[in-house]
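Written below as structure tokens is the structure these notes are about.
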Amino acid sequence: MKKYIVILIIFCAFLPKGASAMNDKLFSACLINPVTDEIIWEKDSDKPHAMASTTKILTAIIALEKADGDEIVTVSRNAAYTEGSSAYTKEGDQYRMEELIYGLMLNSGNDAAVAVAEHISGSTQAFSELMNDYAYNIIGVKNTSFQNPNGLEAQGHYTTAYDLAKIAAYAMKNEDFRRIAATKVIGVTPQNRDEEMFYVNHNKLLNRYEGCIGIKTGYTKATGRCLVSAAERDGMMFIAVTLDDSDDWNTHAELLDYAFSEHYPKTVVKAGDIAREEDGHRLVYERDLTVPVRRGVKSSFEVVNHFAPRTAPANEGEKVGYAEVFYGGRKIETINIISGEEKNQAPEGSFMNELKRILGIWL
């Protein structure tokens with residue numbers, strides 16, 4: 001009996017503070033490392049549940065990837081009269097696509113979501129089919145079904161905490177999505193009338209939690225409070241999801257605190273590091289890759305470089321290949337390899353470059 005008590009004490013030491021209280025107050029939750037896709041903490045993260053307006057995360061990322069931000073979208077009567085939270089659109093209004101994405105992400109506008117869906121797919125039904133195709137075939141969810149682009153209650157509209165975390169992780173790879181999700185307030189004026197509207201982000205963690213960078217709230221009476229959040233510190237980002245949690249702001253702060261306390265940042269690849277030297281040029285990694293690694297856990301990384309065949313030397317900055325990064329034998333990231341400066345090129349501001357400049361002036 002004593003042995004079981006010791007094991008239980010050790011196990012509890014690795015749970016977030018107040019984890020037992022969390023279990024009582026929420027339907028499901030998932031805390032992930034989005035780089036490695038590891039689950040850090042979860043409660044019933046594979047159980048399906050309606051997700052309210054957190055649906056709009058997928059609507060927004062599809063819009064950003066399928067349309068140009070400057071495309072003009074005309075709001076239909078169907079969109080303008082959509083029930084629930086609104087981006088204040090009117091029938092016949094014309095907006096830039098990006099402005100409507102702000103409206104659906106910050107103000108949680110159901111009307112904006114319908115306008116976006118109709119513009120891209122012709123109808124909300126066709127867009128819902130696109131959402132399901134995206135979720136399963138591009139993102140890789142396992143137990144999710146979308147019936148509309150905004151999260152209004154509908155039979156067969158559900159996800160799981162883990163699937164929603166995967167959708168959020170995919171969306172947060174897009175720099176435009178990250179910028180929009182982190183915006184606290186923005187003014188928008190439709191193209192056809194001179195009336196500026198202000199969209200205010202409903203995500204209170206942007207002001208309450210250090211490092212919070214998004215992403216979306218949701219609520220209906222039937223669904224309860226739903227929240228997806230992301231925070232970044234020291235190059236590490238974590239994503240938390242709760243479904244039907246009446247105390248979600250505090251839950252997320254606690255989950256994210258736990259994630260940061262249990263991990264340290266490991267830089268696997270640095271921008272400018274040499275992947276190979278070829279034709280008098282350094283072929284280098286285009287960007288950094290920092291991976292959150294759990295404290296006390298042995299980490300195993302492998303970087304495999306792939307180079308495209310060429311018949312002539314590459315210009316500086318030109319993509320020449322890519323690197324696949326593996327963690328524990330599973331691919332977690334792909335990074336471009338580009339042509340850097342010439343191998344023997346003197347650094348800018350060096351004596352040799354200054355001498356060349358002066359000689360060039362004299363000649």
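Glu196 and Thr189 share no side-chain donor-acceptor pair at under 3.5 Å. In summary, the side chains of Glu83 and Asn110 do not present any donor paired with an acceptor at a separation below 3.5 Å, with no hydrogens or angles considered. Side-chain contact of Thr82 with Asp111: a donor-acceptor pair under 3.5 Å is absent, judged by distance alone. Using modelled atom types, one finds no donor on one side chain facing an acceptor on the other under 3.5 Å when comparing Ser145 with His157. Side chains of Tyr162 and Asp37: a donor-acceptor N/O pair is present below 3.5 angstrom, by distance only. Residues Lys216 and Ser108 bring a donor and an acceptor atom of their side chains to less than 3.5 Å of each other.
In this structure, CZ in Phe260 is found 9.0 Å from CD1 in Ile40, a value given to the nearest 0.5 Å. To the nearest 0.5 Å, the span separating CG on Leu289 from OG1 on Thr267 amounts to 8.5 Å. The distance from the CD atom of Glu98 to the CG atom of Asp176 is 6.5 Å, given to the nearest 0.5 Å. Atoms CD1 and NE2, from Ile239 and His252 in turn, are 11.5 Å apart once rounded to the nearest 0.5 Å. With values rounded to the nearest 0.5 angstrom, Trp249 atom CH2 is found 14.5 Å from Tyr209 atom OH. Atom NE2 of His49 and atom CG of Leu164 lie 12.0 Å apart (nearest 0.5 Å).
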Residues Ser76, Glu118; criterion side chain to side chain contact (heavy atoms under 4.5 Å, CB included); working and verdict: CA-CA 8 Å; Ser76 71; Glu118 291 178 339; 2.6 Å; yes
Verdict with reasoning, Tyr102 to Tyr199, per ring pair (Phe, Tyr, Trp, His ring centres under 6.0 Å): CA-CA 7 Å; Tyr102 274 110; Tyr199 298 148; 8.0 Å; no
Intermediate values then yes/no, side chain to side chain contact (heavy atoms under 4.5 Å, CB included), Asn174 and Glu65: CA-CA 9 Å; Asn174 184 294; Glu65 294 187 349; 4.2 Å; yes
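The backbone N or O of Gln94 lies less than 3.5 Å from a partner atom in the side chain of Asn192, making a donor-acceptor pair. No donor-acceptor pair closer than 3.5 Å links the side chain of Asp44 to the backbone N or O of Lys47. With hydrogens and angles disregarded, no donor-acceptor distance shorter than 3.5 Å links the side chain of Asn107 to the backbone of Ala87. Judged by distance alone, the side chain of Thr223 and the main-chain N or O of Thr220 form no donor-acceptor pair under 3.5 Å. Of the possible donor and acceptor atoms, none in the side chain of Thr124 sits under 3.5 Å from a partner among the backbone N and O of Val114. No donor-acceptor pair under 3.5 Å is formed between the side chain of Lys266 and the backbone N or O of Thr290. Between the Asn137 side chain and the Tyr134 main chain, no donor and acceptor come within less than 3.5 Å of each other. Listed for the Thr144 side chain is no donor-acceptor partner under 3.5 Å among the backbone atoms of Thr159. Judged by distance alone, the side chain of Asn201 and the main-chain N or O of Val185 form no donor-acceptor pair under 3.5 Å. Side chain of Ser86 to main chain of Tyr88: a donor-acceptor pair is present (N/O by atom type, distance under 3.5 Å, no hydrogens or angles).
Using a 4.5 Å cut-off on side-chain heavy atoms (C-beta onward), Ile72 and Gln191 make contact.
A salt bridge links Glu232 with Arg178; the closest basic N to acidic carboxylate O contact falls under 4.0 Å. At a threshold of 4.0 Å, the pair Asp247-Lys25 counts as salt-bridged, since one of the basic side-chain nitrogens sits closer than that to a carboxylate oxygen. A salt bridge between Arg282 and Glu316 is absent, with no side-chain N of the basic residue lying under 4.0 Å from a carboxylate O of the acidic one. No salt bridge links Glu262 with Arg295; every basic N to acidic carboxylate O contact stays at or beyond 4.0 Å. By the 4.0 Å N-to-carboxylate-O rule, Glu278 lies close enough to Arg310 to be salt-bridged with it. Using a 4.0 Å cut-off between a side-chain N of Lys or Arg and a carboxylate O of Asp or Glu, Arg96 and Asp70 qualify as a salt bridge. A salt bridge does not link Asp163 to Lys142: none of the charged side-chain nitrogens sits closer than 4.0 Å to a carboxylate oxygen.
A 6.0 Å sphere centred on CZ of Phe307 holds more than 12 heavy atoms belonging to other residues, nucleotides or ligands. Within a 6.0 Å sphere centred on CD of Gln125, other residues, nucleotides and ligands contribute 12 heavy atoms or fewer. The environment of Glu91 atom CD is dense: over 12 non-hydrogen atoms of other residues, nucleotides or ligands sit within 6.0 angstrom.
Checked against Val228 for a side chain to side chain contact (heavy atoms under 4.5 Å, CB included), the options Asn203, Thr217, Thr54 give a single hit: Thr54. For the pairing with Glu324, the side chain to side chain contact (heavy atoms under 4.5 Å, CB included) check across Glu302, Lys331, Glu333 returns one residue only, Lys331.
Both Tyr170 and Ile62 are members of a single hydrophobic cluster when ILVMFWY side chains are connected at heavy-atom separations under 4.5 Å. A continuous path of hydrophobic side-chain contacts links Val268 to Val35 [ILVMFWY only; heavy atoms under 4.5 Å]. There is no path of hydrophobic side-chain contacts, each under 4.5 Å, that joins Phe238 to Ile213. Put simply, Tyr327 and Tyr285 are part of the same group of oily side chains (I, L, V, M, F, W, Y) that touch within less than 4.5 Å, one to the next. No continuous path of ILVMFWY side-chain contacts below 4.5 Å connects Tyr158 to Leu58, so the two sit in separate hydrophobic clusters.
Relative to the six-membered ring of Phe177, Arg179 misses at least one condition, a distance below 6.0 Å or an angle of at most 45° to the axis.
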